[in-house]
Every structure is written in C-alpha cells, then in structure tokens.
Amino acid sequence: MSNETSVTVIGLGLMGQALAGAFLKAGHPITVWNRTTAKADQLVAEGARLAPTVGDALAASPLTILCLTDYQAMHALLTGDTEPNGTTLINLTSGDSAQARAAARWAEQRGARYLDGAIMAIPQAIGTADAVILYSGPESDFETHKSTLDALGTATYLGADHGLASLYDVAGLAMMWSVLNAWLQGTALLRTAGVYAATYATFAKQIATGVAEWLPGYAEQIDSGSFPAEVSALETDARAMAHLIEASEAVGVNAELPKLIKAMADRSIAAGHGKEQYPVLIEEFSKPA
Ligand code: NAP
C-alpha cells in the first residue's frame, strides 16, 4: 500500500508513458487509459492499473493528467457520460491559449477543477529537475497537487489565467527558433568561406550568452516604455542589418530573414524611433503585420 496520492494518466503516447512512469517511480498508485490499449502493457507490468473505460479512469483518482495529441482529442474523449466528476483535470496536452481558456470554461461548466499545463521537456527528462512543466489556473488547485506534480519535474506555477502556460510555451519556442535561425544564418555565411559549423558554434554560443545578459535591462526599458540609446541607436543597428543582407546576397546565401527584421526596423525608424534603443521594436512586434 502507498501513502502517495492516486493519479490517473489518460493518453499513453511517448510523453504520457513517461509521465505515468515517473508517478509510478515516485510511489503513486496510478490508473491509466489509452485508446490503443497495448501502450499500457509495460506500465501495467510495472504496477499500473488499466482502466476499462475513460469514465472508470476519471473516477479512479482525485487527480487526472491528460496528455493527448491535441485539444480536439480531449474534447472527443471527454463527452457524455465520460465527463469529469470530482477529479481535478490537469491538461498537459500542447495547444494555444484560446484552447486552454475554452477548456477551462468547459470544465468549470461541469463543476470540474481544471489546470492547464505545458511540458518544456522531452520524455527522457521527465522525472528529473531538468523537466520544467508550466501550470496555470487557480493557485489553490496547483498548491493542492504540487507535491504530486513534483514527481514529474520542476513544477512552475505561472498564474490564474489558464492561457498562460500555452503562451509561455509558444514564447519559449519563439526564443528557441530565433536563436537557432540566427545561428544557421551565420553558419551558412561562414561556410562559404570554408568555416566549419562546429568552429562557428563555439563563437556563436558566446554571442548568444552575451546577448542573453542584456534581456533584464532591455525588459526594464519595455516595461517603462522608455528606450534611451545607452548602447546603440536603432538606426545604427539598421545599417548593420543592411551589411548582413548585402553580405548574404553577395555569396548566394538566403537573405529573407535579415530582410524581414530590417523591414521592421525601417518601419520603426520611419515612425520616429531611429534614435532609440533596439527594444523599441516591441511596438512593431506588438501589432499585426
Ligand atoms: P504521441 O506519442 O503521438 O501520443 C498521442 C496520444 O494521444 C496517444 O496516447 C494517442 O492515442 C492519443 N490520442 C490522439 N488522438 C486521440 C483521440 N481522438 N482519442 C483518444 N486518444 C487520442 O504524442 P506525445 O509525444 O505523447 O505528445 C502528447 C502531447 O505532449 C502533445 O500535445 C505534445 O505536443 C506534448 N509534448 C510532447 C513532447 C515530446 O517530446 N514528445 C514534449 C512536450 C510536449 P493512441 O496511442 O491510441 O494513438
């Protein structure tokens, strides 16, 4: 017998299996359900109980983790007599903030407690502190289950708005792809001069780390709405952007990305912000294209 909270995990794809496995490892009695039953075999061999129906799975535990392909799959599953009754739903399915808020309303209309979440980790990291999992929704529900959620990784609470976890998720993706794309642009340029990607990677890592150090100070400028050019003015950056475009085109490297960024800087300069600092571009980022 275990003193740990019982948990239900619905959705045993690559991520759901990792989540269920981490709860088992931490000593939680778990109930699982998956559309394709065979994916539960290993977990059942390790001590999980396989629920015969979704309704049975929901009724089995005070806490139910959902980890499905998308929100459509969740709504397809939890209909009619398989609606949540009594269990707190924590939806770790990826989606956007509107879907998360709509799912929260859907759950509230059924009297169910609901937290939304986003997993910032790969399945192999689940159960370690490296697995950062973001949660949003009522803080009291998060606090009630935090010690159980700690079995999955670093549980991070963001706020009462159910959409926050999804927003942080996509914001993190924007950061990740932007850093990678910038590195790929530079790598493509340097390869034309015979420089190996591995050689530039060491240099690029230093630049990325250095630029990351600027973020708190730049964030202060954005939050205060004041952008004095302490390091350089946007019009100086725009001239360097033109060099990047020219250098790329001269050696036959794709210049679409730097052109896009320069077009935004040019619009900001045309609006009178040329003598302000780079983060003033937040105004271009904050409106539709
Ligand atoms: P996956 O291996 O493709 O598993 C998808 C799961 O959803 C399976 O259990 C599948 O059931 C179930 N499913 C899909 N449509 C369904 C429906 N209509 N009815 C019932 N069940 C349905 O995906 P995953 O890698 O585990 O990812 C699951 C979620 O975690 C996604 O939202 C993903 O974005 C997120 N995530 C994954 C990772 C990662 O590295 N894998 C990282 C962060 C976040 P069947 O087994 O029967 O097909």
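One-based numbering along the sequence shown. Start at 1 and go down the list; that is how both ligands and their atoms are numbered. Note that the structure is predicted; figures quoted are calculated from it, not measured.
A heavy-atom separation below 4.0 Å is found between A121 and ligand 1.
Considering only non-hydrogen protein atoms, atom 1 (P) of ligand 1 sits nearest to G13 CA, 4.0 Å. Counting protein heavy atoms only, atom 43 (C) of ligand 1 is closest to I119 O, 3.3 Å. For atom 23 (O) of ligand 1, the closest non-hydrogen atom on the protein side is L14 N, 4.5 Å. Looking at atom 47 (O) of ligand 1, its nearest protein heavy atom turns out to be T36 OG1, 2.5 Å. For atom 14 (C) of ligand 1, the closest heavy atom belonging to the protein is T69 OG1, 3.0 Å. The protein heavy atom nearest to atom 30 (O) of ligand 1 is C67 SG, 3.5 Å. In terms of protein heavy atoms, atom 15 (N) of ligand 1 is closest to A73 CB, 3.5 Å. Here the heavy atom of the protein found nearest to atom 9 (O) of ligand 1 is N34 OD1, 2.7 Å.
Short contacts between ligand 1 and K39, defined as distances under 4.0 Å to a heavy atom of the residue, involve ligand atoms 45 (P), 46 (O), 48 (O). The G11 neighbourhood of ligand 1 comprises atoms 9 (O), with distances under 4.0 Å to a heavy atom of that residue.
For ligand 1, the polar-atom distance check against S94 finds a nitrogen or oxygen pair separated by under 3.5 Å. Between L92 and ligand 1, a contact under 3.5 Å exists for no N or O pair.
Under the 4.5 angstrom side-chain criterion for Ile, Leu, Val, Met, Phe, Trp and Tyr, the cluster partners of V54 are I10, W33, L58, L66, L68, Y71, M74, L77, L78, L89, W106, Y114. Grouped by direct or indirect side-chain proximity (heavy atoms under 4.5 Å, Ile/Leu/Val/Met/Phe/Trp/Tyr only), I122 sits alone.
When only modelled atom types and interatomic distance are considered, E276 and H273 share a side-chain donor-acceptor pair under 3.5 Å. The closest side-chain donor-acceptor pair between T8 and S61 falls under 3.5 angstrom.
A donor-acceptor pair under 3.5 Å is absent between the side-chain atoms of Y278 and the main chain of F227, judged by distance alone. Using modelled atom types, one side-chain atom of T154 and one backbone atom of A129 make a donor-acceptor pair closer than 3.5 Å. In this structure, Q221 contributes its side chain and P279 its backbone to no donor-acceptor pair below 3.5 Å.
Screening L12, L14, N91, L19 against C67 for a side-chain contact (heavy atoms from CB on, under 4.5 Å) leaves a single residue, L19. Screening L115, I90, T88, T156 for a side-chain contact (heavy atoms from CB on, under 4.5 Å) involving F142 leaves a single residue, L115.
Distances from atom 40 (O) of ligand 1 to the heavy atoms of A40, A131, P123 show the closest one on P123. Looking at H75, R35, M15 and measuring to atom 22 (C) of ligand 1, the nearest heavy atom belongs to R35. Relative to atom 31 (C) of ligand 1, the option among V54, T93, L68 with the closest non-hydrogen atom is L68.
Residue-level proximity to ligand 1 for L12 is carried by the backbone, the only part with a heavy atom below 4.0 angstrom.
Using a cut-off of 4.0 Å between Lys/Arg side-chain N and Asp/Glu carboxylate O, K259 and E249 are scored as salt-bridged. Salt bridge R101/D116: absent, no basic N to carboxylate O contact under 4.0 Å.
Distance remark: protein heavy atom present below 4.0 angstrom from atom 26 (O) of ligand 1.
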